[in-house]
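Working notes, beginning with the structure itself.
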Protein chains: 2
Amino acid sequence: MKIDERKLKILQAIIHNYIINAEPIGSRTISKKYDLGVSPATIRNEMSDLEELGYLLQPHTSAGRIPSNKAYRLYVNGLVNNSHIDTKKGNKVDKKLIESIGQIEELIENSASILSKLTNYTSLAIAPQLKLSKIKHVQIVPVDEMRVLLVIVTESGMVKNTILRLDRSISKEQLNIISNLLTEKLKGKLIGHIGDVLQVKIIKDMYEFKDILESLIKNINKSVNSKESVELYSNGITKIFDFPEYNNIDRVKAFISFLENKDNVIEMLMNNGFNSMNNLAITIGEENSYEEIKNCSLITATYKVNGKTIGKIGVIGPTRMEYSKVIPLVQSISLDLSRILNKYFE
Amino acid sequence: MKIDERKLKILQAIIHNYIINAEPIGSRTISKKYDLGVSPATIRNEMSDLEELGYLLQPHTSAGRIPSNKAYRLYVNGLVNNSHIDTKKGNKVDKKLIESIGQIEELIENSASILSKLTNYTSLAIAPQLKLSKIKHVQIVPVDEMRVLLVIVTESGMVKNTILRLDRSISKEQLNIISNLLTEKLKGKLIGHIGDVLQVKIIKDMYEFKDILESLIKNINKSVNSKESVELYSNGITKIFDFPEYNNIDRVKAFISFLENKDNVIEMLMNNGFNSMNNLAITIGEENSYEEIKNCSLITATYKVNGKTIGKIGVIGPTRMEYSKVIPLVQSISLDLSRILNKYFE
DNA sequence: ATTAGCACTCCTCTTTACAGAGTGCTAATA
DNA sequence: TATTAGCACTCTGTAAAGAGGAGTGCTAAT
């Protein structure tokens, strides 16, 4: 059995209805609300077929039917392939964003906030991942007797700075020497690899500052490799309360608990569309690997600086998400972000 | 009518019971569970008096009674005045905290996390408020052609740094000159007042760098004065789901929505115990000024560096909070924080 | 002053009944 | 042969009714 034109139309009607009403729909209601030119009985037969094909589910015998994950996937693929994604909506966003560009973190946070307000779903964003950035230059600045500020500038133009505590005091001039040596040695290396590089090569050349360097390395590794070093922003968590499928307290708890766990969320975002070609990634319901969000869908897009992906932004919500509205919005806000960041970094 | 010994005992029994069970209790049950040496009938009479005095509430005619805010206040004042606050529990906390002290922000965040785990309530913390800190020295470091890193070290030893974008490029030497001049002029001033000070005095002396300075001032003000500049941490938001009074979805939503609004929470924390003498502040139920949390209690304590209050940490939960357990924990974690921070800053 | 006894109140839980929405099957129809 | 009308059947959600339980306030006895 194949899914023909009419079956597709009926399926689309059911999906459309369920996205809006969150309730099963029966043959009679379909024939009244959607003008398909056939009687409820015919629709019933087709629905029976669609169920057999795995596109529909029946909560119980005498309820109507709802779309399955397979149905959403079909629907979403259709949306994305047609891909007349309307980026006009993005223009409104633009001005607000540009005004807010004090710090990059603020920019990302504001973008997430805007995305949540526009979509009415919970938004998530991760800020530039330093581990994967290449170093452009390194500078160490004295703060007081025992502490220094380590500044690492990446090739994409981002800046990471960390206060470090040393074991002995050291002069400004010596710090300059170390800074220059470090820059020379580390230029072009990945921040995530600082530890390895330093361990092997540098210690030898710079025996004079051995203790200082060891202390530096230890601290850099600690601060760069910790999960804490990935900034995560979420916004509009309480949007989830607005959906009838979350009028159950346990479901809300599971959802919010999941989002409160930073590690989970970061991993989920990282894995989303890990091997997708374009910058958009969509995971639907059961496709999620975490149990807690198997009835959610996740739509994310990457943003880039100088052609390099540095972060992600997207939304999470019930499986019956308004894909046709959300996909263009996520797409366009990520493009806006990329554009603004590129402008900022020249 | 005065509240005598026996009334107080009955009241305490009711408070104790309600804190644990979250349910009204009647005279018969009290006489069975708490050995007061009088019959239910007597207890009934006393309860009637206590209600008249405003210490008890009756959800409906044939329910038992629950404590009023006035009752909690009496109870908590008793606890705090007896103040044999047991800081032994703090010792366990200590080691975990010391290990985590990479960045100060991380320390505060971890403290909040530990506090939530220990108390089983939602914890909140605000990190050092820069506005109120005095400047020790200022350093400007070049990042690339058009950007510099502004580092401000405060007298208490904290460091604030901000990336700034300039309108024209400037040499390293010139930056050093500016840094030194700024340090000289700004030493001892409040960060929050940088704008005022610079506007009046400095521009005249440093005409050469007028444009650079103006750009700097604009950016510093923006980054210091924005509400964003107060770091807020919360942990264990989902603890609220564990309390039976929050098995109602609307109440949970109101609570979480409130906490999601950073401005609200910061203001609430700032106002808590605004004019209290010691470092501990407790707001009970209706005493809260925000409608959304009038059935919550807030317990916070300040932490200090060099005798100066730089932040707050505490918990929020249902009015029937386990005060006798939470108060010492909040107290001791704030003391730990102060101690560790002081050690860190010498 | 305290307490036993009792009528009364109010809430909550369970049971029962019923309306509503939907299905699948069969037989009639185009 | 595909479509449709008709009908018996199923399942859910909700409202009404009733039983049970916990607690109170009052009165009268101790």
Side-chain angles (χ1 to χ4, degrees), chain A residues 1-11 13-18 20-68 244-245 247-248, chain B residues 1-11 13-15 17-18 20-68 244-245 247-249:
Chain A
M1 185 164 35
K2 258 197 70 181
I3 186 165
D4 59 20
E5 188 74 15
R6 193 170 68 185
K7 283 191 175 56
L8 198 63
K9 268 198 172 156
I10 292 173
L11 184 56
I14 295 171
I15 294 172
H16 177 254
N17 180 270
Y18 193 68
I20 293 173
N21 298 121
E23 272 176 15
I25 189 169
S27 53
R28 213 175 98 83
T29 318
I30 293 177
S31 93
K32 268 193 293 182
K33 286 177 63 175
Y34 300 86
D35 191 27
L36 297 170
V38 285
S39 78
T42 309
I43 295 177
R44 270 205 292 287
N45 291 329
E46 296 287 47
M47 283 166 92
S48 187
D49 290 351
L50 283 167
E51 184 170 357
E52 208 175 306
L53 287 165
Y55 291 105
L56 291 181
L57 299 173
Q58 209 170 6
H60 56 84
T61 328
S62 66
R65 287 185 171 87
I66 61 172
S68 69
E245 48 267 68
N247 64 0
N248 174 304
Chain B
M1 184 164 37
K2 256 196 71 182
I3 186 164
D4 59 20
E5 188 74 16
R6 193 170 69 185
K7 282 190 175 59
L8 197 63
K9 270 199 171 155
I10 292 172
L11 184 56
I14 295 171
I15 293 172
N17 179 272
Y18 193 67
I20 293 174
N21 298 120
E23 270 173 19
I25 189 169
S27 53
R28 212 175 100 81
T29 318
I30 293 178
S31 92
K32 267 194 294 183
K33 287 177 64 174
Y34 301 86
D35 191 26
L36 297 171
V38 286
S39 77
T42 310
I43 295 177
R44 268 207 291 288
N45 290 329
E46 296 287 46
M47 283 166 91
S48 185
D49 290 351
L50 283 167
E51 185 170 354
E52 208 176 306
L53 288 165
Y55 291 104
L56 291 180
L57 300 172
Q58 209 171 6
H60 57 84
T61 328
S62 68
R65 287 187 172 85
I66 61 172
S68 68
E245 48 267 68
N247 64 0
N248 175 302
I249 205 131

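Naming: A, B, ... by sequence-line order, numbering from 1 per chain.
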Check the surroundings of atom CG in A:D4: do more than 12 heavy atoms from other residues, nucleotides or ligands lie under 6.0 Å from it?
-> yes
Contact check, side chains of A:S48 and A:R44, non-hydrogen atoms, under 4.5 Å | no
With the side chain of A:S48 defined as its heavy atoms from C-beta on, choose the nearest nucleotide among D:dT4, C:dG24, D:dT24.
-> C:dG24
Mind calculating the distance between CD1 (A:I25) and P (C:dT23) to the nearest angstrom?
-> 10 Å
Rounded to the Å, how far apart are A:E46 CD and D:dT3 C1'?
-> 11 Å
Would you jot down, in residue-number order, the residues of residues 27-38 of chain B having a non-hydrogen atom under 4.0 Å from DNA chain D?
-> B:S27, B:T29
Any side-chain heavy-atom pair of B:I3 and B:D49 under 4.5 Å | no
Of B:P59 and B:A41, whose closest DNA chain C nucleotide lies nearer the 5' terminus?
-> B:A41
Side chain to side chain contact (heavy atoms under 4.5 Å, CB included) assessment of B:E5 paired with B:L8 = CA-CA 5 Å; B:E5 188 74 16; B:L8 197 63; 5.5 Å; no
Please give, in whole Å, the distance from C:dT23 P to A:L56 CG?
-> 10 Å
To the nearest 10°, let me know how far the axis at one end of the helix from C:dA1-D:dT30 to C:dA30-D:dT1 is tilted from the axis at the other, five pairs an end.
-> 20°
Student check: side-chain heavy atoms of A:E46 and A:V38 closer than 4.5 Å = no
Are side-chain heavy atoms of A:N17 and A:Y34 found at a separation under 4.5 Å?
-> yes
Verdict with supporting geometry, B:M1 and B:K7, side chain to side chain contact (heavy atoms under 4.5 Å, CB included) | CA-CA 11 Å; B:M1 184 164 37; B:K7 282 190 175 59; 4.3 Å; yes
Would you mind reading off the distance between B:N17 atom CG and D:dG23 atom C1', rounded to a whole angstrom?
-> 14 Å
Per atom distances to the B:Q58 side chain, the nearest of C:dT3, C:dG24, D:dT24 is D:dT24
Are B:T42 and B:R6 side-chain neighbours, meaning at least one heavy-atom pair lies under 4.5 Å?
-> yes
Residue pair B:M47 / B:I30, side-chain heavy-atom distance below 4.5 Å | yes
Would you mind building the protein contact string for nucleotides 7-15 of chain D? One character per nucleotide, 5' to 3', B for base within reach (heavy atoms under 4.0 Å), S for sugar-phosphate only, - for untouched.
-> ---BBS---
